[in-house]
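Residue numbers count from 1 along this sequence. From a predicted model like this one, the values you see are computed outputs, not experimental measurements.
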Amino acid sequence: MIAGHVYSQAPRCAECDGRALLVEEAAKALVRESLGRLTARRCPRDDGWHVHDPATERP
């Protein structure tokens, strides 16, 4: 699966609860735009990145 550049158009990772699979730059841009409320982590199953909201969800 090829990671996406736009969250709403990114493929979903079946192994990670359907999270958007993003390229690193897109994931980190979302973290910056959220003023650090989101975190970015490399997908453990695929070649891409996921964003997480640590205040409301498990990693």
Side-chain angles (χ1 to χ4, degrees):
M1 188 177 328
I2 298 173
H5 293 271
V6 177
Y7 186 88
S8 62
Q9 297 172 358
R12 302 299 159 164
C13 182
E15 298 294 323
C16 296
D17 299 325
R19 291 187 181 280
L21 188 65
L22 300 163
V23 295
E24 181 178 8
E25 297 81 16
K28 290 183 176 181
L30 286 170
V31 171
R32 282 191 306 275
E33 288 295 318
S34 75
L35 302 176
R37 289 184 295 267
L38 298 175
T39 60
R41 292 193 186 104
R42 180 175 280 287
C43 177
R45 309 261 191 256
D46 211 327
D47 185 29
W49 289 72
H50 299 303
V51 291
H52 298 268
D53 180 355
T56 62
E57 55 186 281
R58 63 177 170 76

Q | Nearest-0.5 Å distance, CD1 of residue Ile2 to CG of residue Asp47 | A | 10.0 Å
Q. Is there any salt bridge (Lys or Arg N to Asp or Glu O under 4.0 Å) pair reaching into residues 26-37, and which pairs are they, with sequence neighbours excluded?
A. Glu24-Lys28
Q: Measure the spacing between SG of Cys43 and NE2 of His50 and express it to the nearest 0.5 Å.
A: 3.0 Å
(Q) Can you list everything that forms a side chain to side chain contact (heavy atoms under 4.5 Å, CB included) with Glu25? Sequence neighbours excluded, please. (A) Val23
Q) Which heavy atom in Pro44 sits nearest to a heavy atom in Cys16, and how many Å separate them? A) CD-SG, 4.0 Å
Q | Value rounded to 0.5 Å, distance of CG in Leu30 from CG in Leu38 | A | 7.0 Å
(Q) Contact between Arg19 and Arg41 at the side-chain level, heavy atoms closer than 4.5 Å - yes or no? (A) no
Q | salt bridge (charged side-chain N to carboxylate O under 4.0 Å, His left out) partners for Arg45, two or more places apart | A | Glu15
Q. Between Ala40 and Ala27, which heavy-atom pair has the shortest distance, and what is it?
A. CB-CB, 4.0 Å
**Q.** Considering all heavy atoms, the nearest Leu22-Ala10 contact
**A.** CD2-CB, 3.8 Å
